[in-house]
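As C-alpha cells, the structure follows; a few thoughts come after it.
Atoms within each ligand, like the ligands themselves, are counted from 1 in listed order. The model shown is predicted, which means the values in this text are computed figures rather than measured ones. Hydrogens, waters and symmetry mates are skipped; everything else that's a heavy atom, side chains included, is used.
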Amino acid sequence: MHTASSPAWDRIEFEAQLRAKGAGYHINHPFNVKMNNGELRPDQIRTWVANRFYYQISIPRKDAAIIANCPDRETRRKWVERILDHDGHNGNAGGIEAWARLGEAVGIAPADLWSLKHLAPGVRFAVDAYVNFARQSSWQEAICSSLTEMFAPKIHKDRLANWPQHYPWINADGLQYFRSRISLAERDVEHGLQVTLDHFTSRAQQDRALEILQFKLDVLWSMMDAIEKANP
Ligand SMILES: O=C(O)c1cc(C(=O)O)c2c(n1)C(=O)C(=O)c1cc(C(=O)O)[nH]c1-2
C-alpha cells in the first residue's frame, strides 16, 4: 500500500498502470472465452447480440452527457464525432445500424432487436450505470471511464479472426461493425488518454482514475454475467 503522499507517476508509468487494468477486461470473461472458442449455440450468440444492442444505443447518450458537462469547445468538437460514428451522418449509416445488420446476420428480426424484448435486467442496470456515471461525474472522469476502449481492438480482431470458422452460419457481412471499430477505437483512445494523462496528475487523482477504469470494467463484466445467465 502507498500513502496519500505517494509521489505521482510520470505519464509513461501512469499510462502503463491504466493499461495493466486490461487483465480485468471482459475479453477474459468465461462467456467471451466460450464465444471466441466457438462454443456458443446460435441462440446464445443471439442473446449476446440482442443484449449488447442496448450498450450500442446507449453510447451516444453517454457521449452527449459528457458534452453537456464539458465547457471546453475543443474537447466538444472532437467528442461529438463519437456520437456521429454511432448515430450515423452524411450517408454513413453508423455503428448502431451496423449492429442491427449483425443482428440480422445472426437471425434476429429488426423489430425484435429494436423492441429490446430480449434485454436482460442486469444488462439494463449495468449500461444505465455507465450512462448515469457520465451524467453525474466531471467530463474528465467520464472520459477516463471510456478508456476500456484501449482493450477493444483486440476483442474485435479476435471476433473477425475466429467467427468465420467457428460460426459459418453467420453471414460475414454482419461482421462489418467489428471491422469498423478497430481504427475508430484507436483514434478515440488517443484522445481519451491525452485528457486523462493531463487531468489526473497527483497520485491521489491517478489512483482515482484507476478506480474509475475498474468501475467501467465492472460494467462490461456485469453485462457478460447477465447475458450468460439469461440463456445458459
Ligand atoms: O465489443 C466490445 O467488447 C466493446 C467494448 C467497448 C468498451 O470497452 O467499452 C466498446 C465497444 N465494444 C464499442 O464497440 C464501442 O463503440 C465503444 C464505445 C465505448 C465507450 O466507452 O465510449 N466503449 C466501447
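Under the 6.0 Å distance and 45° angle rule, Arg101 does not count as a cation-pi partner of Tyr177.
Ring centroid separation for the pair Trp221 and His26 does not come in under the 6.0 Å cut-off. Here Trp114 and Phe53 bring their ring centres to under 6.0 angstrom of each other. Annotation: Phe178 is in aromatic contact with Trp163 [ring centroid separation under 6.0 Å]. Taking the six-membered ring wherever Trp is involved, the centroid distance between the rings of Trp99 and His86 does not fall below 6.0 Å.
Under 4.0 angstrom from ligand 1, the non-hydrogen atoms of Arg181 all belong to its side chain. Residue contacts with ligand 1 for Ile155 involve side-chain atoms from C-beta outward but no N, CA, C or O (heavy atoms, distance under 4.0 Å). Under 4.0 angstrom from ligand 1, the non-hydrogen atoms of Arg159 all belong to its side chain. At a heavy-atom distance under 4.0 Å, no atom of Asp188 approaches ligand 1. Within the 4.0 Å heavy-atom criterion, neither part of Phe151 lies near ligand 1. Contact annotation for Phe178 and ligand 1: no heavy atom of the residue comes within less than 4.0 Å of the ligand.
Applying the 6.0 Å contact sphere to CD of Gln165 captures more than 12 heavy atoms from other residues, nucleotides or ligands. Heavy atoms from other residues, nucleotides or ligands lying under 6.0 Å from CZ of Arg61 number 12 at most. By the 6.0 Å contact criterion, CZ on Arg73 is open, its count of non-hydrogen atoms from other residues, nucleotides or ligands being 12 or less.
Each of the following atoms of ligand 1 lies closer than 4.0 Å to a heavy atom of Leu220: 7 (C), 8 (O), 9 (O). Annotation for ligand 1: atoms under 4.0 Å from non-hydrogen atoms of His156 are 1 (O), 2 (C), 12 (N), 14 (O). Which parts of ligand 1 touch His86 is read off a 4.0 Å heavy-atom cut-off, strictly below it: atoms 16 (O).
In terms of protein heavy atoms, atom 7 (C) of ligand 1 is closest to Thr148 OG1, 3.3 Å. Here the protein heavy atom with the shortest distance to atom 17 (C) of ligand 1 is Glu149 OE2, 3.6 Å. From the protein, the heavy atom lying nearest to atom 5 (C) of ligand 1 is Tyr25 OH, 3.1 Å. In this structure, atom 22 (O) of ligand 1 lies nearest to the protein heavy atom Lys62 NZ, 2.6 Å. Counting only heavy atoms of the protein, atom 4 (C) of ligand 1 lies nearest to Arg52 NH1, 3.5 Å. Considering only non-hydrogen protein atoms, atom 3 (O) of ligand 1 sits nearest to His26 NE2, 2.8 Å. Among all protein heavy atoms, the one lying closest to atom 14 (O) of ligand 1 is Tyr177 OH, 2.5 Å.
Using a non-hydrogen distance threshold of 4.0 Å, Met150 does not register as a contact of ligand 1. Between Tyr130 and ligand 1 there is a heavy-atom distance shorter than 4.0 Å.
Residue Tyr55 places at least one N or O, backbone or side chain, under 3.5 Å from an N or O of ligand 1. Taking any N or O of Arg82, backbone or side chain, none lies under 3.5 Å from an N or O belonging to ligand 1. Note: no N/O pair closer than 3.5 Å links Gln56 and ligand 1 by distance alone.
With no hydrogens or angles considered, a side-chain donor-acceptor pair links Gln176 and Arg179 at under 3.5 Å.
Put simply, Leu102 and Leu119 are part of the same group of oily side chains (I, L, V, M, F, W, Y) that touch within less than 4.5 Å, one to the next.
Arg11 has no carboxylate O lying under 4.0 Å from a charged side-chain N of Glu15, or vice versa, which leaves the two without a salt bridge. Between Asp225 and Lys229 there is no salt bridge, since no side-chain nitrogen of the basic residue lies less than 4.0 Å from a carboxylate oxygen of the acidic one. Classification of Arg181 and Asp188 as a salt-bridged pair holds, one side-chain N sitting under 4.0 Å from a carboxylate O.
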